[in-house]
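Just below is one structure, and these are the notes that go with it.
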Number of protein chains: 2
Amino acid sequence: MTVTLADVAARAQVSPATVSRVLNGNYPVAASTRERVLRAVDELDYVLNGPASSLAAATSDLVGILVHDIADPFFGIMASAIQSEIGGPGGRAGGERLAVVCNTGGSPERELTYLTLLQRQRAAAVVLTGGAVESAPHAEAVAAKLRKLSDAGTRVVLCGRPPAPDTGAIALAFDNRGGARELTEHLIGLGHRRLGYIAGPLERTTTRHRLEGHRAALEAHGIPVDDRLIVHGRYDRQSGYEATLELLRRDTSLTAVVAANDSVALGACAALRDSGLRIPDDVSVAGFDDLPFGIDAAPSLTTVRLPLSDAGARAGRIAMGREEPPPGDLATVRGELMVRGSSGMPRG
Amino acid sequence: MTVTLADVAARAQVSPATVSRVLNGNYPVAASTRERVLRAVDELDYVLNGPASSLAAATSDLVGILVHDIADPFFGIMASAIQSEIGGPGGRAGGERLAVVCNTGGSPERELTYLTLLQRQRAAAVVLTGGAVESAPHAEAVAAKLRKLSDAGTRVVLCGRPPAPDTGAIALAFDNRGGARELTEHLIGLGHRRLGYIAGPLERTTTRHRLEGHRAALEAHGIPVDDRLIVHGRYDRQSGYEATLELLRRDTSLTAVVAANDSVALGACAALRDSGLRIPDDVSVAGFDDLPFGIDAAPSLTTVRLPLSDAGARAGRIAMGREEPPPGDLATVRGELMVRGSSGMPRG
DNA sequence: CACCGTGCAGAAAGCGCTTGCTGTGACGCT
DNA sequence: AGCGTCACAGCAAGCGCTTTCTGCACGGTG
């Protein structure tokens, strides 16, 4: 048998109620009594029963963080920042909360299942990171879930994810469109006219927005959008490698490759090198996100820096009710163009 | 008011007990009844109350994963692999479990607090990743906690962490010593005699083991160990950068730098480049872990590959009781030397 | 001196679920 | 026909905590 509140109460010669109040510190207890209780807790090595406590109090100290891929630093960095504000041990502000990082693998079904699991645990808050899937039924299902969570008192924050109207969710969205546009304009400014684009998976908001920004830049400069220069793939290095080979196969005259993110860009670099092309002399390459490793690539990667850490921290604070939500429950977080060695003027 | 089991029972015209049994599927229920119940659940949009369920059943479906730094792919990759086996949504085997990734930031206090939190939640299992802190009081405190968790029926698995004797914990330890030795021997084999070593933080098992392997290699080849060529730092890029400058300041004749891990190695590369040295022509560099980005560095990084994904997956299965623990509750996972462009023969 | 606010502590009623035990018909056996 | 068996369903007793409400002693006030 494990030690219970009652055991502590007996040892401290007080009622269970008093022990509970000492432990929660939300009710006046005489200093001498408190000390007696604390000593008993210590002597018995008592640990509160979480489920029982959550049941009785109808709240829990769980905070869920949903990420697409925990092995990807893009999410790791955000999760880390969110968690640091959530508290848990260390983030001393207001009660120990257990931050739960849930790996959805980008699958909408798992996303829903995790949300249900968190709802079941009566989570105090939920932060969803990364782009959303655009398929209507899923979007609707997720929205319904979020609404239910909101109604149940769970604070819902979207970090790096477009807003979900009428769900009570607070959104911190990345300006993927603007960043992508700026990036492509940088390349155009250097003189590039034939640009390949390696997009992310279809039906993802992030993919669509970045692609839209790219297209907008082209159009604004009177460059016709050639769909043959757009290839879709996953958000990983290998996908970037393959897509680049495909791009090269389709059009050997391109002078720049814009990638959906940094990992894809590094794959692209590898493919170009393996094809005997120099970067940026023969082909310029650009990524997105500015993950830490981009700087160590050769040449270092031109990209758009997203303030993942800041955004995550802010999302965490909002989730904890420690910061005011932005007006209209929506804030747009801008990226910043980082020009480095992988982009240069086109050959000739 | 939220929907409760009783509401569902009323609607399905059965007793709450029957609803519970349908939901848990651990007791015979007539097909027709089950269907009626399931329909009611659906119609009412019922979600089980997790805390209540955990309280009554005296078990929970939480599994804790402790990592030092979730933003570091080293841990991200392991966590991802562990989680994929834990189940949660997707890992279909046996009940939905909620994998909780906890970020300790490498702090022993937080580690303890998280363990207490998990103990409080009556976690089904706990997986601790990464090296341990060597300070005696902390080691003892952690061991005591692990013992308590074990006694309470929580399965404890150590992944990439040395064994904790008499705690009931199952350990999958990395052979850091052997890997480091092999790595240094590779450099010695190339002809290097003055090797700098950038070690991790003091009082960490990983740091010590890797350093021991390095020293063992030197000694085995009759190369005197010069403590001035060993610098301690953190496990990150910046630390590698600074340590390398320090190393260069202490001895300009070194021809190779062995780093505590890949991130540190990349920092070292940057420092060398900034000092006007070529890699590997002037100085060879080697890392450890073989994280994905090492291959895109210029030149690509010679390192020791640790099977993070495999080890994590195995740890996850063991935690779920889906795989037999190794004999003696301890298995050693070996690394594999990956020779790439950053190491070469010394100049001259 | 009677009265009331105040500061603490306890009694007890749940929170929503699980599960051991107790029926209760239907069925097959002797 | 009588009875043991089986498959299923319900009863009710908690699981360990929180919290409302009540109780009590004390000291200041009119």
Side-chain angles (χ1 to χ4, degrees), chain A residues 1-38 40-41 44-62 95-96 117 119-124 152-153, chain B residues 1-38 40-41 44-62 95-96 117 119-124 152-153:
Chain A
M1 208 28 220
T2 57
V3 184
T4 73
L5 237 209
D7 300 332
V8 176
R11 171 147 200 142
Q13 318 235 54
V14 296
S15 73
T18 301
V19 177
S20 169
R21 300 203 258 246
V22 168
L23 260 24
N24 290 298
N26 52 8
Y27 195 84
V29 172
S32 64
T33 311
R34 182 200 326 288
E35 200 188 322
R36 201 143 31 89
V37 169
L38 257 18
V41 165
L44 295 179
D45 217 359
Y46 169 69
V47 175
L48 195 66
N49 182 317
S53 159
S54 295
L55 171 58
T59 64
S60 106
D61 48 8
L62 230 59
E96 313 249 295
L117 237 41
Q119 181 184 4
R120 171 178 307 182
Q121 299 297 331
R122 307 299 190 252
Chain B
M1 207 27 221
T2 57
V3 183
T4 73
L5 236 211
D7 299 331
V8 176
R11 171 147 199 142
Q13 318 236 53
V14 296
S15 73
T18 302
V19 177
S20 169
R21 300 204 257 245
V22 167
L23 261 25
N24 291 299
N26 51 10
Y27 196 83
V29 172
S32 64
T33 311
R34 183 201 325 287
E35 200 188 322
R36 203 144 28 90
V37 169
L38 256 18
V41 165
L44 294 179
D45 218 0
Y46 170 69
V47 176
L48 195 67
N49 182 317
S53 161
S54 295
L55 171 58
T59 63
S60 106
D61 48 8
L62 230 59
E96 314 250 294
L117 236 41
Q119 181 184 4
R120 170 177 308 179
Q121 299 297 330
R122 307 300 189 249

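These figures come from a predicted structure and were not determined experimentally. Every chain is numbered from 1, with letters handed out A, B, ... down the list of sequences. Quick note: numbers below take in every heavy atom, side chains included, and nothing from hydrogens, waters or symmetry partners.
Here the options are A/V29, A/T33, A/V8, the test is side chain to side chain contact (heavy atoms under 4.5 Å, CB included), and the partner is A/V22; only A/V29 passes.
For the atom pair CD of B/Q119 and CG of A/D45, the computed distance is 7.5 Å after rounding to the nearest 0.5 Å. Taking CD from B/Q121 and OG from B/S54, the interatomic distance works out to 8.0 Å, rounded to the nearest 0.5 Å.
For residues 15-32 of chain A, the side chain to side chain donor-acceptor pair (under 3.5 Å) pairs, not counting sequence neighbours, are A/S15-A/T18, A/S20-A/N24.
For a distance-only test at 3.5 Å, the side chain of B/R122 fails to qualify as a donor-acceptor partner of the base of D/dG16.
Residue B/N26 is classed as a sugar-phosphate contact, given heavy-atom separations below 4.0 Å to backbone atoms only. Within the 4.0 angstrom heavy-atom criterion, only backbone atoms of the sugar-phosphate kind lie near A/A57; the bases stay farther away.
We find that CG of B/L48 is positioned 14 Å from C1' of C/dC15, with the value rounded to whole Å. The distance between atom CZ of B/R21 and atom P of D/dG10, rounded to the nearest whole Å, is 9 Å. As rounded to whole Å, 8 Å separates atom C1' of D/dC17 from atom CG of B/L55. In this entry the distance linking CG of B/N49 with C1' of D/dC15 reads 13 Å, nearest Å. Nucleotide C/dC17 holds its C1' atom 7 Å from the OH atom of B/Y46, rounded to whole Å. Rounded to a whole Å, the OH atom of A/Y27 is 9 Å from the P atom of D/dT20. In this structure, A/Q121 atom CD and C/dG16 atom C1' are separated by 13 Å, rounded to whole Å. The interatomic distance linking A/L23 (CG) with D/dG16 (P) rounds to 16 Å, in whole Å.
A heavy-atom distance below 4.5 Å is not found between the side chains of B/V14 and B/R34. By the 4.5 Å heavy-atom criterion applied to side chains, B/L117 and B/R120 are counted as neighbours.
Within the 4.0 Å cut-off from OP1 or OP2 of D/dT18, at least one side-chain nitrogen or oxygen of A/N24 is found. OP1 or OP2 of C/dT18 lies within a sub-4.0 Å distance of a side-chain N or O belonging to B/S20.
Under a 3.5 Å cut-off, the side chain of A/R36 and the backbone N or O of A/A12 do form a donor-acceptor pair.
Interface residues of residues 28-36 of chain B facing DNA chain D, ordered by number: B/P28, B/V29, B/A30, B/T33; criterion, heavy-atom separation under 4.0 Å.
Listed here is the closest heavy atom pair of A/R122 and B/P51: CG-CD, 4.4 Å.
Helix-axis bend for the helix from C/dC1-D/dG30 to C/dT30-D/dA1: the local axis fitted to the five terminal pairs at one end deviates from that at the other end by 50°, rounded to 10°.
In this structure, the nucleotide among C/dC17, D/dC17, C/dA11 sitting nearest to the side chain of A/S53 is D/dC17. Closest approach to the A/T18 side chain among C/dA9, C/dT18, D/dT19 is made by C/dA9 (side chain taken as heavy atoms from C-beta onward).
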Task: Worked verdict on B/L5 versus B/L23 for side chain to side chain contact (heavy atoms under 4.5 Å, CB included) - done: CA-CA 10 Å; B/L5 236 211; B/L23 261 25; 4.3 Å; yes
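Closest-nucleotide positions on DNA chain C for A/V14 and A/A56 were compared, and the one nearer the 5' end corresponds to A/V14.
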